[in-house]
Amino acid sequence: MELGLVGLGKMGGNMRERIRRAGHTVVGYDRNADVADVHSLEELVGKLSGPRVVWVMVPAGEATQSTVDRLAELLEPGDVVVDGGNSRWTDDERHAEELAAKGIGFVDCGVSGGVWGLENGYALMYGGDAEHVAKVQPVFDALKPEGDFGAVHAGKVGAGHFAKMVHNGIEYAMMQAYAEGWELLEKVDSVTDVREVFRSWQEGTVIRSWLLDLAVNALDEDEHLEGLRGYAQDSGEGRWTVEAAIDNAVPLPAITASLFARFASRQDDSPQMKMIAALRNQFGGHAVEKK
């Protein structure tokens, strides 16, 4: 099938390549002309045959809103817009309503996989009407990991980004637990090789995970994380998860504490946040602050 892809950064660029490897045609647009296939949204839409599918992969908020607004002017009834960025689920509901008024479908898709997705595939959580999802399904199949798992039609519009938001909240808490354990091991005199303790957990333990593997990768690069400042940003989805928990009266003590720990990292050079920063860099290519 043909796909228009808007946004060719770290995620979008690799997604374009993976979709092309699956045999599909991708027309990509980015403000950076060096990586773009076309030089405007108008040109992108003009190169696609109807019914069109255009996947938006730009930062949440104003960048996504302005892109959806422009596509609403350019696309035709029967076309579908997919928002694959990290938008808030409440924005999805508004976008779907605005596009539906013009006969254009909308699907929201939470995407996980970071810089490793090109080779390993991307975990996909998508929401929307079945008829709109069906038009995008070949692309979902191209992006997902091999095997029976890794993609889910989570529900109606907004469900994909809501599921991805909760996924990221869980991720916050898991990273925090590894970071706290690492700091405690580093603190005591009796444990003389913390890196190898972490490595030993990679097989046969109930806490083995891909995040643990990435922690070992980070420790192999810098055994005591001495080159990192203990400062970690939050992407916004952790905050939204806690806000949704409050709105629905669901207790999330571990996720909430992990979000607050990131706030604390901006006040002091926190040892735990060195591990959080290292993990975010490992799985997502997120920037770290060097000493």
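None of the values given here were measured: they were computed from a predicted structure.
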Show the nearest heavy-atom pair for residues [X] and [Y], with the distance to one decimal.
X      : Y      : result
Leu214 : Trp116 : CD2-CZ2, 3.9 Å
Val115 : Gln282 : CG2-O, 4.0 Å
Ala277 : Val288 : O-CG1, 3.5 Å
Ser112 : Met125 : CB-CE, 4.4 Å
Glu289 : Arg229 : OE1-NH1, 2.8 Å
Ala232 : Arg266 : O-NH2, 3.3 Å

Could you give me the CA-CA distance, side-chain angles and deciding distance for Lys10 and Asn14, then say whether side-chain hydrogen bond (donor to acceptor under 3.5 Å, both in side chains) is met? CA-CA 7 Å; Lys10 286 182 293 188; Asn14 282 345; over 6 Å; no
Donor-acceptor check, side chain of [X] to backbone of [Y], threshold 3.5 angstrom: yes or no?
X      : Y      : value
Asn281 : His286 : yes
Arg18  : Ala142 : yes
Trp89  : Ala163 : no
Gln272 : Glu183 : no
Arg16  : Val26  : no
His161 : Thr90  : no
Arg52  : Val45  : yes
Asp108 : Gly160 : yes
Asp30  : Val35  : no
Thr256 : Pro253 : no

Salt bridge Glu243-Arg88, side-chain N to carboxylate O under 4.0 Å: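 A salt bridge links Glu243 with Arg88.
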Do the charged groups of Glu119 and Arg21 touch, with an N to O distance under 4.0 Å? yes
When you compare the side chain of [Y] with that of [X], does any pair of heavy atoms fall below 4.5 Å?
X      : Y      : result
Glu43  : Val27  : no
Tyr126 : Gln137 : yes
Met175 : Ser258 : no
Tyr172 : Thr241 : no
Arg262 : Gln233 : no
Pro271 : Glu186 : no
Phe263 : Arg239 : yes
Val136 : Trp55  : yes

[X] and [Y]: same hydrophobic cluster, using ILVMFWY side-chain contacts below 4.5 Å?
X      : Y      : answer
Val111 : Val107 : yes
Val139 : Met15  : yes
Tyr122 : Val53  : yes
Leu48  : Val80  : no
Met1   : Val38  : no

Sorted by first residue and then second, give each side-chain hydrogen bond (donor to acceptor under 3.5 Å, both in side chains) pair with at least one member in residues 62-73; sequence neighbours left out. Glu42-Arg70, Gln65-Asp69, Gln65-Arg94, Gln65-His95, Arg70-Glu73
Start with the C-alpha distance between Gln176 and Met273, add both sets of side-chain angles, then the distance that settles side chain to side chain contact (heavy atoms under 4.5 Å, CB included), and finish with yes or no. CA-CA 8 Å; Gln176 185 66 28; Met273 287 303 135; 3.3 Å; yes
Would you say that more than 12 heavy atoms from the other residues, nucleotides or ligands in this model lie under 6.0 Å from the CD of Gln202, or not?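 Enclosed.
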Give a yes or no on whether Arg31 atom CZ has more than 12 heavy-atom contacts from other residues, nucleotides or ligands under 6.0 Å away.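 Not buried by this count: 12 neighbours or fewer within 6.0 Å.
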Can you list the steps and then say if Asn168 with Met165 is a side chain to side chain contact (heavy atoms under 4.5 Å, CB included)? CA-CA 5 Å; Asn168 281 24; Met165 177 194 75; 5.9 Å; no
What's the verdict on salt bridge (Lys or Arg N to Asp or Glu O under 4.0 Å) for Arg20 and Glu17, showing C-alpha distance, side-chain angles and the deciding distance? CA-CA 5 Å; Arg20 284 177 173 172; Glu17 177 62 22; 5.3 Å; no
Side chains of Asp83 and Ser87: is there a donor and an acceptor less than 3.5 Å apart?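 There is such a pair between these side chains.
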Look up atom [atom1] in [X] and atom [atom2] in [Y], then write down how far apart they are to the nearest 0.5 Å.
X      : Y      : atom1 : atom2 : result
Asp193 : Leu219 : CG    : CG    : 10.0 Å
Leu71  : Asp79  : CG    : CG    : 9.5 Å
Leu143 : Cys109 : CG    : SG    : 7.5 Å
Met275 : Leu211 : CE    : CG    : 10.5 Å
Leu185 : Thr192 : CG    : OG1   : 11.0 Å
Leu212 : Arg199 : CG    : CZ    : 10.5 Å

Can you tell which of Leu5, Val54, Asp37 makes a side chain to side chain contact (heavy atoms under 4.5 Å, CB included) with Leu44?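 With Leu44 as partner, side chain to side chain contact (heavy atoms under 4.5 Å, CB included) holds for just one option, Val54.
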Donor-acceptor pairs under 3.5 Å, side chain of residues 145-158 to any protein atom, not counting sequence neighbours: which ones?
residue : atom : partner : partner atom : Å
His153  : NE2  : Gly128  : O            : 2.8
His153  : NE2  : Gly155  : O            : 3.1

What verdict does the side chain to side chain contact (heavy atoms under 4.5 Å, CB included) test give for Asn86 and Glu237, after you've listed the backbone C-alpha separation in whole Å, the side-chain angles of each residue and the deciding distance to 0.1 Å? CA-CA 8 Å; Asn86 284 330; Glu237 288 163 304; 3.3 Å; yes
Contacts satisfying salt bridge (charged side-chain N to carboxylate O under 4.0 Å, His left out) that involve residues 129-145 (not counting sequence neighbours) are none
Does the pair Phe140 and Val133 meet the rule for a side chain to side chain contact (heavy atoms under 4.5 Å, CB included), with working shown? CA-CA 9 Å; Phe140 291 148; Val133 168; 4.1 Å; yes
